[in-house]
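Side chains included, hydrogens not; waters and symmetry mates left out as well; all remaining heavy atoms used.
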Amino acid sequence: MAGSGRLALRTLPGPGWVRGSGPAVLSRLRDAAVVRPGFLSAAEEETLSRELEPELRRRRYEYDHWDAAIHGFRETEKSRWSEASRAILQRVQAAAFGPGQTLLSPVHVLDLEPRGYIKPHVDSVKFCGATIAGLSLLSPSVMRLVHTQEPGEWLELLLEPGSLYILRGSARYDFSHEILRDEESFFGERRVPRGRRISVICRSLPEGMGPGGPGQPPPAC
Ligand SMILES: O=C(O)CCC(=O)C(=O)O
Ligand SMILES: [Fe+2]
Ligand SMILES: [Mn+2]
């Protein structure tokens with residue numbers, strides 16, 4: 001049959017930016033670990049990095065907390081944004097969060113230097129709700145998710161500059177996430193050289209912690 005070969009070819013590769021230990025985990029997490037390459041236009045990337053650069057530059061990169069998840073980073077919690085950036089963050093909110101979810105405010109901005117990396121961790125359930133959504137700027141990177149009980153189950157997300165990733169539900173609670181260091185930064189066979197990367201991360205509040213809930217969470221997760 002003329003058409004069947006082409007159909008098979010089209011259905012074989014998964015999305016080019018998500019890999020996994022097998023078809024079961026890929027299909028199970030299809031809506032829980034999502035990457036949207038090109039979510040930001042070049043102009044939007046520029047808007048965000050221009051706005052963030054002066055605030056980040058005032059800070060020093062941090063290293064060597066032996067138990068810390070993140071190495072070679074500086075960060076800020078940002079609540080005041082330009083109108084252009086607010087419009088971008090609203091697009092993130094509409095794309096990643098449900099109408100019933102309240103977002104943690106301020107927004108977390110993390111600047112990883114080229115040697116910087118994030119070790120496997122699960123964001124604290126005390127301070128973060130079911131959904132984490134992050135924009136990546138400047139350098140591509142690989143985010144790896146590993147099931148906390150079944151280490152043979154994993155996913156890798158290719159995070160190009162301008163992409164949005166969303167972790168929710170099982171991907172957020174049952175899997176650790178990490179950003180690979182330069183030496184280990186491969187997406188399958190493909191080397192993904194790490195430069196400086198800035199991420200802008202929105203999180204939902206834990207249920208019951210919205211406005212009128214029992215208390216304000218501390219700013220960081
Ligand atoms: O940089 C990112 O996209 C993720 C950061 C992260 O995992 C965290 O701050 O908990
Ligand atoms: Fe995290
Ligand atoms: Mn954190």
Derivation and outcome, side chain to side chain contact (heavy atoms under 4.5 Å, CB included), residues Cys128 and Arg172: CA-CA 10 Å; Cys128 286; Arg172 179 259 182 273; 3.2 Å; yes
Determine, step by step, whether Trp81 and Val200 satisfy the side chain to side chain contact (heavy atoms under 4.5 Å, CB included) criterion, reporting the C-alpha distance in whole Å, the side-chain angles of both residues, the deciding distance to 0.1 Å, and the verdict. CA-CA 12 Å; Trp81 294 86; Val200 176; 4.2 Å; yes
Could you walk me through whether Cys202 and Gln93 pass side chain to side chain contact (heavy atoms under 4.5 Å, CB included), step by step? CA-CA 8 Å; Cys202 299; Gln93 175 159 9; over 6 Å; no
The test is side chain to side chain contact (heavy atoms under 4.5 Å, CB included); show your working for Val146 and Glu178 and say whether it passes. CA-CA 9 Å; Val146 180; Glu178 65 193 290; 4.2 Å; yes
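Between Glu184 and Arg144 there is no salt bridge, since none of the side-chain N atoms of the basic residue sits less than 4.0 Å from a carboxylate O of the acidic one.
For the atom pair Trp154 CH2 and Phe175 CZ, the distance stands at 11.5 Å (nearest 0.5 Å). To the nearest 0.5 Å, atom CZ of residue Arg74 and atom OG1 of residue Thr76 are 11.0 Å apart. Note that CG of Leu40 is 6.5 Å distant from CG of Leu137, once rounded to the nearest 0.5 Å. The distance from atom CD1 of Ile88 to atom CD of Glu83, rounded to the nearest 0.5 Å, is 11.5 Å. A distance of 9.5 Å separates NZ in Lys78 from CG in Leu89, rounded to the nearest 0.5 Å. Between the CZ atom in Arg36 and the CG atom in Leu135 there is a gap of 10.5 Å [rounded to 0.5 Å].
Annotation: side chain of Pro161 is not in contact with side chain of Ser139 (no heavy-atom distance under 4.5 Å). Contact check for His121 versus Ser176: no side-chain heavy atoms found under the 4.5 Å cut-off. Using a 4.5 Å heavy-atom threshold, the side chains of Arg91 and Phe39 count as touching. Contact of the Thr47 side chain with the Ser85 side chain is registered, since non-hydrogen atoms from C-beta on lie closer than 4.5 Å. Side-chain contact between Glu75 and Leu110: present, with at least one pair of heavy atoms (C-beta onward) separated by less than 4.5 Å.
Under the 4.5 Å side-chain heavy-atom criterion for grouping Ile, Leu, Val, Met, Phe, Trp and Tyr, Ile118 is not connected to Leu138 through any hydrophobic cluster. Note on Leu164 and Ile198: same hydrophobic cluster, where clusters join Ile, Leu, Val, Met, Phe, Trp and Tyr whose side-chain heavy atoms are under 4.5 Å apart, directly or indirectly. Leu48 and Ile132 fall into different hydrophobic clusters, where Ile, Leu, Val, Met, Phe, Trp and Tyr side chains are chained together by heavy-atom contacts under 4.5 Å. Using a 4.5 Å cut-off between side-chain heavy atoms of Ile, Leu, Val, Met, Phe, Trp and Tyr, with links allowed through other members, Ile70 and Leu167 fall into the same hydrophobic cluster. Criterion: ILVMFWY side-chain heavy atoms under 4.5 Å apart, direct or through other members. Under it, Val109 and Ile166 are part of a common hydrophobic cluster.
Between Val192 and Pro140 the shortest heavy-atom distance is CG1-CB, 3.7 Å. Considering every non-hydrogen atom in both Trp17 and Phe187, the closest pair reads C-CZ, 3.5 Å. Residue Leu145 comes nearest to Ala171 through the heavy atom pair CD1-CB, 4.2 Å, listed as atom of the first residue, atom of the second, then distance. The minimum heavy-atom distance linking Leu180 with Ser185 is given by the pair CB-CA, 4.1 Å. Residues Glu55 and Glu51 come closest through the heavy atom pair OE2-O, 3.9 Å.
Ring geometry, His71 versus Tyr117: the interplanar angle falls under 30°, so the pair is classed parallel (tilted spans 30 to 60°).
Looking only at distances, no side-chain donor or acceptor of Ser199 sits under 3.5 Å from a matching main-chain atom of Ile201. Between the side chain of Arg194 and the backbone N or O of Glu113, at least one donor-acceptor pair lies under 3.5 Å. Between the Ser136 side chain and the Ser163 main chain, no donor and acceptor come within less than 3.5 Å of each other.
Annotation: Arg60, atom CZ; neighbour count of heavy atoms from other residues, nucleotides and ligands within 6.0 Å does not exceed 12. Residue Arg86 qualifies as enclosed at atom CZ: its count of foreign heavy atoms under 6.0 Å is above 12.
Among the candidates Asp182, Leu157, Leu159, Leu158, the single residue satisfying the side-chain contact (heavy atoms from CB on, under 4.5 Å) test with Ser141 is Leu159. Considering Gln101, Arg203, Arg168 as possible partners of Thr131, the one that fulfils the side chain to side chain donor-acceptor pair (under 3.5 Å) test is Gln101.
A side-chain N or O of Tyr61 and one of Asp111 form a donor-acceptor pair less than 3.5 Å apart.
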